Amino acid sequence: MKTIKYLFFSVIFVSFFSCEVEMENIVTENAAQGGVTLQLQGGGQIFGAPADGTDLENSTVDFSDVALDLNVIERFAFGDVVKYELLKSLNGGMESVVAEIADLPLNLSYASIDDFMSGTEVSDSDDLRIGDTFKFRTRITKQNGEQYFIHDGGPDSGTFSISVACAADLSGTYLMTNSVCTSEVMVTITGNPDGSWYASTADGGLLQFCSSNPTLENNGTFSVSCGAVQPSGDLAFCPGYGIGCILGGTWDESTGTLNMTHGNGFFSWADAEYTSTYIRQ
């Protein structure tokens with residue numbers, strides 16, 4: 001059996017290496033190059049019901065809960081920044097400036113789907129589909145005209161994305177089991193600002209409760225769209241180790257039951273794919 005005890009050393013090494021590359025790579029347009037680190041705080045939702053739940057790609061959406069409240073916060077700055085801007089795009093399309101200010105904080109609030117569409121290529125909500133994604137990112141302009149973006153991801157990320165989704169509420173405490181071992185464990189699932197979900201144990205318990213590594217929590221984030229769990233590698237020990245990566249699954253709102261299929265690319269004594277079940281208590 002492979003051992004997990006080397007994980008900490010590998011993670012630390014990769015973290016230092018990634019940081020060094022990012023700071024030296026001018027192509028990333030990291031705003032730290034311009035003497036500023038920012039944070040985009042807040043959240044929102046774009047919830048609706050598809051007219052045809054079996055054909056999400058072509059079905060129009062009847063929107064219900066739509067809101068956004070974002071704040072651009074300055075964490076560290078020096079130099080001659082003359083302008084902060086918040087840019088928006090839809091599905092990776094053209095970007096438009098939706099807010100700008102000379103000094104932070106900067107706030108952006110939406111209360112309708114028309115607010116979200118404004119400044120994009122789409123002007124009719126009937127053209128939006130489940131899964132369409134609006135992306136916001138921050139840009140700074142210095143006195144000499146140079147412009148910088150903050151990179152995606154990390155604690156100082158200046159980027160926020162939110163997708164059109166079916167209304168769902170997975171928050172709560174769950175009894176978690178899996179198809180590998182006989183563990184029955186209580187875990188919590190909470191909502192993230194972008195409409196995704198965070199599970200204190202997201203791999204069904206393979207790492208912490210089926211192996212000899214009880215102190216290692218494989219927590220993570222996943223999304224649910226109209227009852228379908230979307231594939232996710234956003235687990236603590238999925239990248240680099242392949243432990244518990246979410247391949248898909250289902251969510252039953254009426255019974256509070258979450259079923260997921262996971263990948264296992266690390267432990268030789270477990271199948272390459274296994275399942276987990278979370279039942280809300």
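Computed from a predicted structure; not experimentally measured.
- Between the side chains of Asn219 and Ser200, not a single donor N or O lies within less than 3.5 Å of an accepting N or O.
- Note: the hydrophobic cluster containing Ile73 does not contain Val81 (ILVMFWY, side chain heavy atoms under 4.5 Å, direct or indirect links).
- You'll find the side chain of Ile243 stays beyond 4.5 Å of the side chain of Leu235, heavy atoms only.
- Within the 3.5 Å criterion, the main-chain N or O of Met117 finds no donor-acceptor partner in the side chain of Asp114.
- When all heavy atoms are compared, the tightest approach of Pro50 to Gly48 is CD-O, 4.0 Å.
- A continuous path of ILVMFWY side-chain contacts below 4.5 Å connects Val187 to Val224, so both sit in one hydrophobic cluster.
- Here the side chain of Lys142 pairs no donor or acceptor atom with the backbone of Tyr148 at under 3.5 angstrom.
- Of all the heavy atoms in Val66 and Ser112, the pair that sits closest is CG1-C, 3.5 Å.
- A side-chain donor from one of Asp194 and Ser196 sits under 3.5 Å from a side-chain acceptor of the other.
- One distance of note links CD of Gln208 with CE of Met176; it measures 7.5 Å at 0.5 Å rounding.
- With Asn91 contributing its side chain and Gly93 its backbone, the two residues share no donor-acceptor pair below 3.5 Å.
- Atoms CZ and CD, on Arg137 and Glu95 in that order, are 4.0 Å from each other to the nearest 0.5 Å.
- Linking Ile, Leu, Val, Met, Phe, Trp and Tyr whenever their side-chain heavy atoms come within less than 4.5 Å puts Leu68 and Ile101 in one cluster.
- Between the side chain of Tyr278 and the backbone N or O of Gly204, at least one donor-acceptor pair lies under 3.5 Å.
- Put simply, Phe209 and Leu216 are part of two different groups of oily side chains (I, L, V, M, F, W, Y) that touch within less than 4.5 Å, one to the next.
- Note that CZ of Phe116 is 10.5 Å distant from CG of Leu128, once rounded to the nearest 0.5 Å.
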Please assess Thr257 against Arg280 for the test side-chain contact (heavy atoms from CB on, under 4.5 Å), listing each intermediate value before the final yes or no. CA-CA 6 Å; Thr257 302; Arg280 188 155 54 188; over 6 Å; no
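- Rounded to the nearest 0.5 Å, atoms OG (Ser223) and CG (Asp234) are 9.0 Å apart.
- Minimum heavy-atom separation, Ala199 to Ile189: CB-CG1, 4.0 Å.
- Of the possible donor and acceptor atoms, one in the side chain of Asn264 sits under 3.5 Å from a partner among the backbone N and O of Ala270.
- A donor atom on one side chain and an acceptor atom on the other are not found under 3.5 Å apart for Thr177 and Glu184.
- Around atom CD of Gln281, more than 12 heavy atoms belonging to other residues, nucleotides or ligands sit under 6.0 Å away.
- Counted within 6.0 Å of CG on Asp271, heavy atoms from surrounding residues, nucleotides or ligands total 12 or fewer; the atom is thus considered open.
- Side-chain atoms of Tyr84 and Val72, non-hydrogen and from C-beta on, never get closer than 4.5 Å to each other.
- With a 4.5 Å cut-off on side-chain heavy atoms, Asn58 and Asp52 do not count as touching.
- Note: Ile113 CD1 to Asp115 CG = 9.0 Å, rounded to the nearest 0.5 Å.
- Taking the six-membered ring for Trp and thresholds of 30 and 60 degrees, Phe136 and Phe160 have ring planes inclined between 30 and 60 degrees apart.
- Between Ser225 and Ile130, the closest heavy-atom pair is OG-CG2, 3.0 Å.
- Between the side chain of Asn218 and the main chain of Leu207, no donor-acceptor pair closer than 3.5 Å is present.
- Side-chain atoms of Ser59 come within 3.5 Å of backbone N or O of Ala51 as a donor-acceptor pair.
- Between Leu106 and Leu86 the shortest heavy-atom distance is CD2-CD2, 4.1 Å.
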List the steps and the verdict of side-chain contact (heavy atoms from CB on, under 4.5 Å) for Trp269 and Cys210. CA-CA 10 Å; Trp269 42 264; Cys210 295; 4.1 Å; yes
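- With hydrogens and angles left out, the side-chain atoms of Ser109 and Asn107 include a donor and acceptor closer than 3.5 Å.
- In terms of heavy-atom proximity, Ser276 sits nearest to His262 at OG-NE2, 2.7 Å.
- By the rule that hydrophobic residues join a cluster once side-chain heavy atoms approach within less than 4.5 Å of another member, Tyr241 and Leu247 end up as members of separate clusters.
- The backbone N or O of Tyr274 lies less than 3.5 Å from no partner atom in the side chain of Ser179, so there is not a single donor-acceptor pair.
- Asp65 places no side-chain N or O within 3.5 Å of a backbone atom of Phe47 that could act as its donor or acceptor partner.
- Two residues are said to be in side-chain contact when any heavy atoms from C-beta on lie closer than 4.5 Å; Met186 and Leu175 meet this criterion.
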If you apply the rule side-chain contact (heavy atoms from CB on, under 4.5 Å), what do you find for Phe267 with Val180, and how did you get there? CA-CA 11 Å; Phe267 295 111; Val180 179; over 6 Å; no
Please step through side-chain contact (heavy atoms from CB on, under 4.5 Å) for the pair Phe222 and Leu258, ending with a clear verdict. CA-CA 12 Å; Phe222 62 94; Leu258 174 69; 3.8 Å; yes
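- Separation of atoms CG (Asp132) and CD1 (Ile162) is listed at 12.5 Å; rounding is to 0.5 Å.
- The main-chain N or O of Val61 is never found under 3.5 Å from a side-chain atom of Arg129 such that the two would form a donor-acceptor pair.
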